[in-house]
There are 2 protein chains.
Amino acid sequence: MVKKINATHERLPAADEAATIDNVAQMAGVSPATVSRVINNRPVVSETTRRRVLEAIAHLNYQPSALGRNLAIRRTGTLGLIIADITNPFYAEIVRGIEETAFTHGLNILLYDTLEDAEREAQILSLLEERQTDGLIICASCLPEQRLLPLMQVGIPTVLINHLPLSASIGTVETDQEAGIRAAMQHLVDLGHRRIAYIGGITTAQVYQRRLATFRATCAEAGISIPENYIVPAKPTLDGGREAARHLLPTGSKVEPPERASYPTAILAYNDLVAIGAIIEAQEAGLTVPEQLSIVGYDNIPLAALLHPSLTTVQQPARILGEQAIHLIATYLQLQKLPEGRPTFMRFTPTLIVRASTAPVVLSSS
Amino acid sequence: MVKKINATHERLPAADEAATIDNVAQMAGVSPATVSRVINNRPVVSETTRRRVLEAIAHLNYQPSALGRNLAIRRTGTLGLIIADITNPFYAEIVRGIEETAFTHGLNILLYDTLEDAEREAQILSLLEERQTDGLIICASCLPEQRLLPLMQVGIPTVLINHLPLSASIGTVETDQEAGIRAAMQHLVDLGHRRIAYIGGITTAQVYQRRLATFRATCAEAGISIPENYIVPAKPTLDGGREAARHLLPTGSKVEPPERASYPTAILAYNDLVAIGAIIEAQEAGLTVPEQLSIVGYDNIPLAALLHPSLTTVQQPARILGEQAIHLIATYLQLQKLPEGRPTFMRFTPTLIVRASTAPVVLSSS
DNA sequence: TTGAAAGCGCTAACAA
DNA sequence: TTGTTAGCGCTTTCAA
C-alpha cells in the first residue's frame, strides 16, 4: 500500500520482534532524532510531527529500550541495595522506605541480601563494580572500612545506613548507636543490674564494634566489671540469639539464686531477634523473664510489642532511615556533587521503649 | 617509551574516567575483540596474549561495562520481582529464597513492592515493560488476569507465585490454596464451629478469590450458612486484621454468651498478620482467644509460634516457593523455550499447624 | 523545527 | 589465534 518512503533498506520488524526507534522513525517519515525528542518530551517538536510520531509508536506498539538508552546516556536509573538480612523485620522496614522513596524518584532497586555474611558481602560488592548502578546503598555492612573503600573509589556514589561517614562516600544516615546503647544500659543499671551480658552481632561490623565499645564504656563508668565470657558474638538472628544465650545460661533446672549465680541478671542483645531468641532459650532453661533475667533488644520490630513478655528495646526509625538514604543519593545524582561539599552525616536519636522484659534485679531471695 | 602502535587517535583515559575495552586493547597491542575474548574466558586466546591483556586490564583498573555488554548481547541478567509487601515476613522469606537462588544463577533482582495495591502494581508492570529485564516474577498479584496478560504477551518471561497458570506465562509455583483452606476449615468444623468468619485479603487478587470460594464451598458442604457480613475483605496487614475484626466483634464489654451472640465463634484469616491483628482486637474487646473465639491464620510466619496464644495456621514453604520460581525462570532462560512445551505448574501442599489459638466451641455456658 | 552523523562500550560473524 | 567490521538501540551535537 504505502511505498517505501526512504530509499533505506529499513524494513518493518517481524511481528514477534520489538520495534526500534528506527522503525518508528521510518513509519512516521521522520528521523530517529525526532522520535527521540518525542519520547523524551523535548518541547521543540511541532505538534503535527509529534502526532505523527505518536501514531507510529502506537501502531508498532513501540517500547523504547532502556538498554540502548542507558548506554547512550550512561546512566541506568538503578541503585544497588545491599542489606544484611531481608527476613529481619527491621531491615524489611528499611527496604520498604527505600523502595517507596526510590519509586517516587524514578529509581529502581537492585536487591542483594548478604545473609549477614562478610564474604558474601564482599562478593556482591565486587559484582556491583561492573554492574554500573548509578549508586549504592549499604545497610548494616559487616565489612571493615578498608574493604568498603575501594568500591567507592571506583566512583559509585554510596550511602551507608547505620555506619559512620566514610570520606569517599556521599553520606551516611544512622541512628546514634552510642546513645541507644547508653539508654539501654542506663535503664538496666537503674534497675540494679550489675551482671550484664552483651550477646549477638557480627564482630567485623562497625555497628557491632561501636555498640560493644559503648557497652564496655558504660560498664566502666558504672563501676561494673564484665567477665569476657559475658560477651558472646553471634549471628543477629533468632537462632543466633538462642545459641548465644545457651552459652550464658544455666542448663536444665539448676537455677541458682541470683546472688551466687555465675550467669548474668540482664542481657543486652544486639537486636530484637537475638533478644527474642534469648528469651526463648531462657524460658526453656527454666528462667522467668523478667523476674530472673532481664532482656533488652534493639530495633523495636513490630513483633517486639506482641510477645510475652513484651520486649524492652531501643527504637530506630527504620522506614525513615531508608527514605533519607534515597533522598541523599537522589540529591547527589541530580547535582552530581556533594550538596555540602563533604559527605552528609544524618543522624537520628533512638528511643528506649520500656516494656515487660526488664525488671529490677532481686538480690535477696525468698 | 612505547610508540603508538596503531595510527588511531586513541588516547589513554584521564585518571578519573573509566577505561574502556579500546583502551585496554590499545595498551595490550591487540584488538578489542581479543580483549573481549579474554574477559569472557573464551578458550581460543593464546597464553601470551591473554597475559598481556590481563596486565593491561590490571594496569588500567579496567572494569567491563555491563551497559555496553547488555546492549550487545541484548540481555541484562536481571529479573524483575514484584512482591506485595516486603514487610510481611512470609514474603520476606520468599524474597530470601529468590535472592539466594538468583545469586547462584548469576541473576540480579530488581525489587518492586506494590504495598498490596492494585494500582501501584499496574504502574510497576508498565514500567517494567521498557526496562528490559530478562524475566519477571510476580508474587501474590492483586491484579485480575486480564491486566496481567498484556505484559507477558509483550514477551517478558514471567513466573507467578501463588497463582494459577496463565497461558502466556512460563509457569507458576504455588501451594494448593484450596487444600490449605479446606484443612483449616475441617479443623474448625471438627472443633464444633459453625459461625465462622473469613477476614482480610484484597478482593481483586486471585488468591483471595480462590480462598474465599473454597471457604464458601466448605461451609456449604458442612451445611453451614454464612451471613454476608461474616466476610470482611481488608488489607492483609496487622492493621487490616484489626479493622476487619472490629467490624465483627462486640465492642466494649458487651460480650454475649456464644449461643445467642451474633458474632462468630471462629475466624479464618487471610494470613497470619490479619490473624494476629484479629487476636489483638479480640483481646481488647474483652474476648479470650481461643476460649471465646478461635482464630486461624495462613502462612506460618516465624512470629506465629511465638505469640500468646500461639497461632494455628496453614504453613506454606515460603523459601522453597522462591527458590523454585528462580529455577523455573533460569531453566527457561537457558533453553529459551518452555521445558515441557507448556507452562510449568508446580504445586506444593500446605500443612495445617495446630497451635493454641483454636479450641472447641463451648455452646453451653457456666 | 528537523536531520545527519557520530558515538556510548561491548559482542560476534567472518575473514585472514 | 587474531583482527576487521558491523552492529545492539538510543542520544546528542551540529548544521541546515
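With hydrogens and angles ignored, a donor-acceptor pair closer than 3.5 Å exists between the side chain of A/R37 and the base of C/dG3.
If you check the side chains of A/T104 and A/T101, you find no donor sitting under 3.5 Å from an acceptor. A donor-acceptor contact closer than 3.5 angstrom links the side chains of B/Y112 and A/N108. Of the N and O atoms on the side chains of B/S141 and B/Q206, not one donor lies less than 3.5 Å from an acceptor on the other residue.
Comparing B/P32 and B/A72 by the nucleotide of DNA chain D that holds the closest heavy atom to each, the one mapping nearer the 5' end is B/P32. Comparing B/R74 and B/V45 against DNA chain D, the residue whose closest nucleotide sits nearer the 5' end is B/V45.
The side chain of A/P64 sits closest to D/dC10 out of D/dC10, C/dT11, D/dT12. Of the candidates D/dG3, C/dT2, D/dC10, D/dC10 carries the atom nearest the A/S65 side chain, counting heavy atoms from C-beta on. Side-chain atoms of B/L71 lie closest to C/dG9 of the nucleotides D/dT11, C/dT2, C/dG9. With D/dG3, D/dT12, D/dT1 as the candidates, the nucleotide lying closest to the side chain of B/S46 is D/dT1. The nucleotide whose nearest atom lies closest to any side-chain atom of A/T20 is, among C/dG3, D/dG9, D/dC8, D/dG9. Minimum atom distance to the side chain of B/V30 is reached by D/dG3, of the listed C/dT2, C/dT11, D/dG3. For B/S31, taking side-chain heavy atoms from C-beta onward, the closest of the listed nucleotides D/dC8, C/dC8, D/dG3 is D/dG3. Checked against C/dA12, C/dA4, C/dT2, the side chain of A/A33 finds its nearest nucleotide in C/dA4.
When the C1' atom of C/dA4 is taken as reference, atom CD1 of A/I21 falls 14 Å away, rounded to whole Å. Atom pair B/D22:CG and D/dG3:P shows a separation of 13 Å (rounding to whole Å applied). At whole-Å resolution of the value, CD1 in A/I39 and C1' in D/dT11 are 10 Å apart. The separation between B/R52 atom CZ and D/dT1 atom P is 15 Å, rounded to whole Å. At whole-Å resolution of the value, CD1 in B/I73 and P in D/dA6 are 22 Å apart. When the P atom of D/dG9 is taken as reference, atom CG of A/L60 falls 14 Å away, rounded to whole Å.
Counting any heavy atom pair closer than 4.0 Å across all strands shown, A/S36 reaches a base atom. A/R42 comes within 4.0 angstrom of the backbone, heavy atoms only, and of no base. As judged by a 4.0 angstrom heavy-atom cut-off over every strand, A/L67 is placed among residues making no nucleic acid contact. At a threshold of 4.0 angstrom between heavy atoms, the contacts of B/N70 with the nucleic acid are absent. Within 4.0 Å (heavy atoms only), B/R75 reaches no atom of the nucleic acid at all.
Residue B/R69 places no side-chain N or O under 4.0 Å from the OP1 or OP2 atom of C/dG9.
Between A/E47 and A/R50 there is a salt bridge, since at least one side-chain N of the basic residue sits less than 4.0 Å from a carboxylate O of the acidic one.
Relative to the ring axis of A/F103, B/R120 places its NZ or CZ within 45° and under 6.0 Å from the centre.
B/T133 pairs in a side chain to side chain contact (heavy atoms under 4.5 Å, CB included) with only one of the listed residues (B/L107, B/L128, B/L79), which is B/L128.
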